[in-house]
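What follows is a short report on a single structure.
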Amino acid sequence: MPELPEVEIVVRCLDRLIKGRTVQTAELRRKLLAPNFSKRSFAAKLKSSLVNFVHRRGKHILFDLDTGRTLIAHLRMSGRFMILSADEADPKFTHAVFYLDGDERLVFQDQRHFGFMNIVDTGKLFETKELACLAPEPFSDEFSVDYFRDLLRASKRNIKQLLLDQTKVCGVGNIYASEAMFIARVNPLRIAGDISGKKKIALHSAIREVMNETLLLGKNIRLDRQNIGGGIYGSNVESEWRIYGREGEPCPFCSKPIARIVQGTRSTFLCSKCQR
DNA sequence: ACCCTCACCTGCACGC
DNA sequence: TGCGTGCAGGTGAGGG
């Protein structure tokens, strides 16, 4: 269920755990996980691949392989990676298995079956369908105040749905959208172009702020091979949200009960007094 | 170009 | 206990 910071933390853990290791064989257990491949071709493409490093673009996890290929993986809502040893059984909903050197294997598990994988030539990585249209990374120089201001100015969409559009702002998901708009005191229903200049700047900085909070937590994360990077979402962070999931609780600034609305089938949480 | 709704799946928490 | 409902941190497709 991760957004960009959680994916970033998963990626750092994966990199530490499998950089320099070899995928001897790979098994695609659920065909639809990698719709571009048959089970046979998936295995063939990944056989005997050394993992140079693991990185990411947006919420996509990228395994850079020494064969000139990159394995792209997206966790969507419920995907997880774990490393298991020979005496540990596959969990329910195991959709792909990568047998490493030694007796260990990297397992991709996904209860809701929304995740997906693809294998592409590394030279054309950023031209692939998954990555070609993504907006600049939120911590890059390219994602500048000017970029953000121009983006909002040109848009007639409501700001919440604009923030979730990965081709416009990359890495923000449903939680961070609510959190950032709350910090910047922006009403989620407001047309992006109508937001004041001051609030545009505040929102730009709030997006980085909320993501950075989680990234900092990730610095001290314990490596958990059974749930790679997973310690960061779930229990401990949940209590930290300012507004997300807190319908009916008092706003921390003005005590008005926090509201929940639905935008495009997804929940948004807000304080209608503080966010005008 | 945009908005809306549905779709993909399973599991969990809730109220009756 | 069981069953129905609504919800879940993502995204794509199809129709208007």
Side-chain angles (χ1 to χ4, degrees), chain A residues 1-11 29-36 56-61 72-81 91-96 108-118 128-135 138 150-182 188-194 207 210-211 213-215 217-218 227 229-248 260-269:
Chain A
M1 334 166 187
E3 302 182 31
L4 186 140
E6 290 81 4
V7 175
E8 171 66 24
I9 289 161
V10 169
V11 160
R29 300 265 178 92
R30 186 178 66 92
K31 167 79 181 77
L32 285 177
L33 173 64
N36 294 344
R56 76 163 177 83
R57 175 77 173 92
K59 301 173 191 170
H60 300 261
I61 299 172
I72 304 177
H74 198 302
L75 304 174
R76 291 285 181 96
M77 296 286 263
S78 57
R80 287 168 185 272
F81 280 103
K92 203 173 173 184
F93 309 120
T94 291
H95 298 315
F108 179 77
Q109 182 230 3
D110 183 8
Q111 176 201 109
R112 294 181 71 181
H113 303 199
F114 293 171
F116 73 85
M117 292 188 182
N118 196 4
T128 56
K129 190 170 140 258
E130 288 86 355
L131 307 186
C133 298
L134 287 179
D150 291 347
L151 173 72
L152 267 55
R153 195 178 285 150
S155 174
K156 296 194 167 78
R157 307 165 71 178
N158 70 61
I159 184 61
K160 163 75 184 309
Q161 295 191 280
L162 182 66
L163 290 179
L164 291 185
D165 183 341
Q166 302 295 301
T167 70
K168 300 295 194 293
V169 181
C170 147
V172 174
N174 208 37
I175 294 180
Y176 292 116
S178 279
E179 293 290 307
M181 289 185 294
F182 177 65
L189 295 164
R190 181 127 312 193
I191 300 301
D194 294 345
I207 288 167
V210 291
M211 288 193 177
E213 285 172 356
T214 302
L215 287 174
L217 289 177
N227 182 12
I232 208 64
Y233 46 93
S235 51
N236 51 348
V237 181
E238 221 152 278
S239 54
E240 308 288 329
W241 305 130
R242 294 163 177 81
I243 195 151
Y244 186 85
R246 297 189 182 278
E247 181 180 15
R260 172 181 168 271
I261 60 174
V262 175
Q263 294 179 278
T265 76
R266 313 205 62 199
S267 294
T268 307
F269 295 86

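First the proteins, then the strands, lettered A, B, ... as listed; each starts at 1. Just so it is clear, the model here is predicted, and its values are computed rather than measured. Hydrogens, waters and symmetry mates play no part in the numbers below; they use all other heavy atoms, side chains included.
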Quiz prompt | Gap in Å between the two P atoms, one belonging to C:dC3 and one to B:dC8, rounded | solution = 23 Å
Practice problem: For B:dC9 and C:dA13, measure between their P atoms and round to the nearest Å. | Solution: 16 Å
Practice problem: Using a 4.0 Å heavy-atom cut-off across all strands, classify A:K129 as base, sugar-phosphate, or nothing. | Solution: nothing
Quiz item: Sequence neighbours excluded, which residues qualify as salt bridge (Lys or Arg N to Asp or Glu O under 4.0 Å) partners of A:E179?
Solution: A:R242
Quiz prompt | Residue pair A:I243 / A:F269: nearest heavy atoms and the distance that separates them | solution = O-CB, 3.5 Å
Self-check item: Side chain of A:R76 - closest among C:dG10, B:dT10, C:dC7
Solution: C:dG10
Self-check item: Neighbour count >12 (heavy atoms, 6.0 Å) for atom NZ, A:K156
Solution: no
Practice problem: Could you work out the separation of C:dT5 and B:dC6 based on their P atoms and round it to a whole Å? | Solution: 15 Å
Protein-nucleotides 1-5 of chain B N/O pairs under 3.5 Å:
unit_1 : atom_1 : unit_2 : atom_2 : d
B:dC3  : OP2    : A:R157 : NE     : 2.8
B:dC4  : OP2    : A:Q161 : OE1    : 3.3

Exercise. To the nearest Å, give me how far apart CZ (A:R112) and P (B:dC12) are.
Key: 12 Å
Quiz item: For the atom pair CE (A:M211) and OH (A:Y176), what is the distance rounded to the nearest 0.5 Å?
Solution: 7.5 Å
Quiz item: How about A:R190: does its CZ atom have over 12 heavy atoms from other parts shown lying under 6.0 Å from it?
Solution: no
Quiz item: Taking all atoms of both residues into account, what is the closest heavy-atom pair of A:E3 and A:G171, and its distance?
Solution: CB-O, 3.9 Å
Self-check item: Protein-nucleotide distance (A:L32, atom CG; C:dG12, atom C1'), rounded to Å
Solution: 14 Å
Quiz item: Below 4.0 angstrom from OP1 or OP2 of C:dG10, is there any side-chain N or O of A:H74?
Solution: no
Self-check item: Residue-phosphate contact under 4.0 Å: A:Q166 side-chain N/O, C:dT11 OP1/OP2
Solution: yes
Self-check item: Spatial distance of atom CZ (A:R80) from atom CG (A:N227) [nearest 0.5 Å]
Solution: 4.0 Å
Self-check item: Ring centroids of A:F93 and B:dT10 base under 5.5 Å with planes under 30°
Solution: no
Quiz item: Looking at residues at least two apart in the chain, or sitting in another chain, which of them share a side chain to side chain donor-acceptor pair (under 3.5 Å) with A:D150?
Solution: A:R153
Pairs: protein N or O with nucleotides 13-16 of chain B N or O, under 3.5 Å:
none

Exercise. With DNA chain C as reference, determine whether A:I175 or A:F116 sits nearer its 5' end, using the nearest nucleotide of each.
Key: A:I175
Practice problem: Give the rounded distance in Å between these two atoms: CZ of A:F114 and C1' of B:dC8. | Solution: 5 Å
Exercise. Round to a whole Å and report the spacing from CG of A:L4 to P of C:dT11.
Key: 10 Å
Self-check item: Distance, rounded to the nearest Å, where A:N118 contributes CG and C:dT11 contributes C1'
Solution: 15 Å
Self-check item: Candidate nucleotides B:dT10, C:dG10, C:dA8, ranked by approach to the side chain of A:Q111 - the nearest
Solution: B:dT10
Quiz item: Do A:R29 and A:T94 get their side chains close enough for a donor-acceptor pair, meaning under 3.5 Å?
Solution: no
Self-check item: Euclidean distance, atom CZ of residue A:R266 to atom P of C:dA8 [Å, nearest integer]
Solution: 8 Å
Practice problem: Any chance you could encode DNA chain B as dot-bracket? Rule is Watson-Crick or G-U wobble with both distances under 3.5 Å; [ ] for pairs crossing earlier ones, | for another strand. | Solution: .|||||||.|||||||
Self-check item: Whole angstrom value for the distance that separates P of C:dT11 from CE of A:M77
Solution: 10 Å
Quiz item: Pick from A:H74, A:H60, A:E130, A:K129: which one makes a side chain to side chain donor-acceptor pair (under 3.5 Å) with A:N118?
Solution: A:E130
Exercise. Could you tell me which residues satisfy ring-ring contact (aromatic ring centres under 6.0 Å, His included) with A:F93, sequence neighbours excluded, listed by chain and number?
Key: A:H113
Quiz prompt | Selection from C:dC7, B:dG11, B:dC9 that lies nearest to any side-chain heavy atom of A:R260 | solution = C:dC7
Quiz item: Closer than 4.0 Å, any side-chain N/O of A:K59 to the OP1 or OP2 of C:dT11?
Solution: yes
Quiz item: Looking at CG of A:N158 and CD of A:Q263, how far apart are the two atoms once the value is rounded to the nearest 0.5 Å?
Solution: 5.0 Å
Exercise. Check each of A:V11, A:L4, A:I9 against A:V7 using the side chain to side chain contact (heavy atoms under 4.5 Å, CB included) test, and report the only one that passes.
Key: A:V11
Quiz item: To the nearest Å, how far apart are A:L33 CG and B:dC8 P?
Solution: 17 Å
